[in-house]
Protein chains: 2
Amino acid sequence: MKEGPDIAQIGALIGDPARANMLAALTGGRALTATELAAAGGITLQTASTHLSKLETGGLLAQRKQGRHRYFTLADEAVARLIESMMGLAASRGHLRHQPGPKDPALRKARICYDHLAGDFGVRMLDSLVALGSIDAIGDGLAVTAKGESDLQCIGIDVSSLKSSRRPLCRSCLDWSERRAHLAGSLGKALLANFMEKGWARRMPESRSVVFSPEGERQFLRLFPLEA
Amino acid sequence: MKEGPDIAQIGALIGDPARANMLAALTGGRALTATELAAAGGITLQTASTHLSKLETGGLLAQRKQGRHRYFTLADEAVARLIESMMGLAASRGHLRHQPGPKDPALRKARICYDHLAGDFGVRMLDSLVALGSIDAIGDGLAVTAKGESDLQCIGIDVSSLKSSRRPLCRSCLDWSERRAHLAGSLGKALLANFMEKGWARRMPESRSVVFSPEGERQFLRLFPLEA
DNA sequence: AGGATGCTTCGGTTACGATCGAAGTATGAA
DNA sequence: TTCATACTTCGATCGTAACCGAAGCATCCT
């Protein structure tokens with residue numbers, strides 16, 4: 001009966017609340033130090049250290065030393081996707097750590113998901129790109145159309161250069177707050193980076209939420225209308 | 001820092017070896033009794049009973065009573081996908097329960113993945129359908145073409161009736177042995193069912209492997225050539 | 001009715017791992 | 001060099017949950 005890979009090891013790694021909180025914090029995409037992750041997990045530095053080494057030997061985390069700091073990130077996008085999909089499942093089963101509170105709205109509106117935009121704004125952007133004919137949606141799959149390629153060029157994104165990377169250009173990622181898909185992949189990353197370069201949006205420290213400037217929000221809503 | 005859904009609960013449920021083995025056994029798609037699952041988990045019936053009730057209240061399993069038996073299945077396809085994607089991640093990180101042994105080949109060649117065909121044959125079938133122009137592949141997404149709809153009709157599969165179901169017609173599912181995609185969704189299920197009806201293939205008891213009859217294998221290879 | 005099978009609940013044991021205090025190592029700053 | 005910061009390792013405690021034996025229900029068969 002012992003066939004195939006052992007999912008229990010990975011499950012157990014994610015199954016500890018402290019570790020789960022650290023992983024969730026890393027879904028924010030930035031590299032975090034052991035001390036920051038200890039705070040995220042609500043534990044002391046010593047305990048966090050042992051957790052982090054377990055996560056790393058388990059292949060879920062990558063680290064790089066920089067001076068006397070040690071920065072941790074999720075090992076790769078596959079891990080990020082797993083975490084997000086578990087969040088989706090957990091949300092649909094009602095496993096919530098807290099009731100939806102007054103602090104939530106900012107997070108539901110726009111937040112970081114590993115390296116791209118999620119939340120209401122993320123979902124709206126993808127819907128709009130599909131409605132505008134910039135992206136073809138077939139089943140779960142997404143592909144940039146010829147029209148989309150030129151549209152994106154106008155915004156300042158060179159799709160052809162993104163294509164050369166090994167990472168998939170488009171990916172749909174299920175949103176746990178909206179329960180609908182938003183845009184991931186290298187294009188999703190490039191779009192968010194583009195917004196931040198232009199000063200339309202910026203990340204809040206210590207949180208996954210992304211806030212748009214009044215002007216940035218106007219431009220965003222103009223660029224991605226709800227009904228094409 | 002406590003934002004979003006709690007992945008630790010789900011992780012912990014999957015993180016116990018006995019429970020993980022039971023879940024993996026259910027990836028085979030058939031409904032299993034508590035006694036069978038106890039054997040799959042390598043534990044006594046009493047212990048299995050408590051595990052199963054935890055898995056059920058956690059939303060990962062569904063059960064239905066039938067006489068004095070209690071049949072368990074994975075709660076829905078989302079759970080099946082999560083388990084499979086964890087297997088993929090575990091395989092890529094080298095978390096194996098055993099070295100690839102002589103008993104493996106049958107499993108790698110053709111096996112059940114929830115309700116559709118996986119393994120070498122599953123991957124080949126999807127590749128072939130794409131090469132033949134029966135299925136369009138865009139990114140991760142799959143869609144049946146007009147040509148595909150008539151091709152499948154010839155085999156004895158009515159695509160239009162499948163479309164009416166709420167479940168997605170095509171889905172790509174990552175194979176942990178091949179590390180490539182095979183066909184899931186209602187079409188994937190229908191195709192496997194079709195092969196079994198025709199007597200081309202049958203499931204082995206107590207295992208996830210699917211064996212083709214000599215004639216069935218000939219027909220399968222003819223129907224799904226490698227290079228179109 | 002009596003007996004067998006499938007499963008659950010209870011009680012008590014046991015083992016594993018999460019936790020932190022304290023001490024040890026590495027890197028940078030003064 | 002000396003001190004401070006960032007982190008790891010050691011050692012010991014403690015809680016939780018996995019586990020099984022035994023007993024209790026429920027369902028089916030004869």
Side-chain angles (χ1 to χ4, degrees), chain A residues 1-2 6-26 30-58 60-73 95 97 206, chain B residues 1-2 6-26 30-73 95 97 205-206:
Chain A
M1 272 298 122
K2 303 251 182 290
D6 187 7
I7 58 175
Q9 293 183 37
I10 292 185
L13 284 174
I14 304 178
D16 179 80
R19 283 194 294 256
N21 285 332
M22 294 194 278
L23 289 168
L26 287 170
R30 10 169 106 95
L32 297 176
T33 65
T35 311
E36 291 169 320
L37 286 169
I43 48 180
T44 63
L45 183 57
Q46 311 94 290
T47 309
S49 181
T50 66
H51 282 315
L52 289 169
S53 75
K54 282 178 190 175
L55 286 170
E56 200 203 347
T57 59
L60 297 188
L61 292 188
Q63 60 155 318
R64 59 173 205 281
K65 290 185 71 169
Q66 206 166 91
R68 53 182 159 180
H69 295 275
R70 182 157 263 175
Y71 285 94
F72 291 88
T73 55
H95 297 308
R97 282 183 296 199
E206 312 283 324
Chain B
M1 272 300 121
K2 303 251 184 289
D6 187 7
I7 58 176
Q9 294 183 36
I10 292 185
L13 284 175
I14 304 178
D16 178 81
R19 283 194 294 257
N21 284 332
M22 294 194 277
L23 288 169
L26 287 170
R30 7 170 107 96
L32 298 175
T33 65
T35 310
E36 290 168 322
L37 287 169
I43 48 180
T44 63
L45 184 56
Q46 312 92 290
T47 309
S49 180
T50 67
H51 280 317
L52 289 169
S53 74
K54 282 178 190 175
L55 286 170
E56 199 203 347
T57 60
L60 298 188
L61 292 188
Q63 59 154 317
R64 59 172 207 279
K65 290 185 69 169
Q66 206 167 89
R68 52 184 160 178
H69 294 275
R70 181 157 263 175
Y71 283 95
F72 291 87
T73 56
H95 297 309
R97 282 183 295 201
E206 312 283 323

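Owing to the predicted nature of the structure, the values given are computational and were not obtained by experimental measurement. Labels below follow one simple rule: chain letters A, B, ... track the order of the sequence lines, proteins then strands, and each chain is numbered from 1.
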Exercise for review: Could you check how far CG of A:Leu32 sits from P of D:dC7, rounded to whole Å?
Suggested key: 11 Å
Check your understanding: Nearest-Å distance, CD (A:Glu36) to C1' (D:dC7)?
Key -> 14 Å
Review point. Nearest of D:dA22, C:dA22, D:dC19 to any side-chain atom of B:Gln46?
Key: D:dA22
Check your understanding: Side-chain N or O of B:Thr47 less than 4.0 angstrom from OP1 or OP2 on D:dC19?
Key -> no
Review point. Does B:Arg70 put a side-chain nitrogen or oxygen below 4.0 Å from OP1 or OP2 of D:dA26?
Key: no
Review point. Between A:Thr35 and D:dA6, does any side-chain N or O lie under 4.0 Å from OP1 or OP2?
Key: no
Study note, to complete from the structure: Taking for A:His69 and for B:Gln66 the nucleotide of DNA chain D with the nearest heavy atom, the one nearer the 5' end belongs to A:His69
Point to revise | Distance below 4.0 Å between B:Thr44 side-chain N/O and D:dC20 OP1 or OP2 | key: yes
Check your understanding: Which part of the nucleic acid, if any, lies within contact of B:Ser53, taking any heavy atom under 4.0 Å across all strands shown: a base, the sugar-phosphate backbone alone, or nothing?
Key -> nothing
Point to revise | Phosphate-side-chain proximity, A:Arg19 and C:dA18, N/O vs OP1/OP2 below 4.0 Å | key: yes
Check your understanding: Between atom CD1 in A:Ile43 and atom P in C:dC20, what is the gap in whole Å?
Key -> 7 Å
Review point. What integer distance in Å separates B:Arg64:CZ from C:dC7:P?
Key: 13 Å
Check your understanding: Heavy-atom distance under 4.5 Å between the side chains of B:Leu32 and B:Thr73, does that happen here?
Key -> no
**Study point:** Rounded interatomic separation in angstrom, taking CG from B:Leu45 and P from C:dT9
**Key:** 12 Å
**Study point:** Interatomic distance, B:Arg68 CZ vs C:dA4 C1' [rounded to whole Å]
**Key:** 7 Å
Review point. How many angstroms lie between CG in A:Asn21 and CD1 in A:Ile43, if you round to the nearest 0.5 Å?
Key: 9.0 Å
Review point. For D:dA17, does OP1 or OP2 lie under 4.0 Å from any side-chain N or O of B:Lys54?
Key: no
Exercise for review: Mark yes or no for whether B:Arg19, through its side chain, and B:Ala12, through its backbone, hold a donor-acceptor pair below 3.5 Å.
Suggested key: yes
Practice item. Carefully, step by step, assess A:Ser53 and A:Thr50 under the rule side-chain hydrogen bond (donor to acceptor under 3.5 Å, both in side chains). Key: CA-CA 5 Å; A:Ser53 75; A:Thr50 66; over 6 Å; no
Check your understanding: Separation of A:Leu55 atom CG from C:dG17 atom P, in whole Å?
Key -> 14 Å
Review point. Between A:Lys65 (NZ) and C:dG28 (P), how many Å, whole number?
Key: 9 Å
Study note, to complete from the structure: Here the pair of heavy atoms bringing A:Leu52 nearest to A:Phe72 is CD1-CE1, 3.7 Å
Check your understanding: Taking only side-chain nitrogens and oxygens of A:His51, does any of them come within less than 4.0 Å of OP1 or OP2 of C:dT19?
Key -> yes
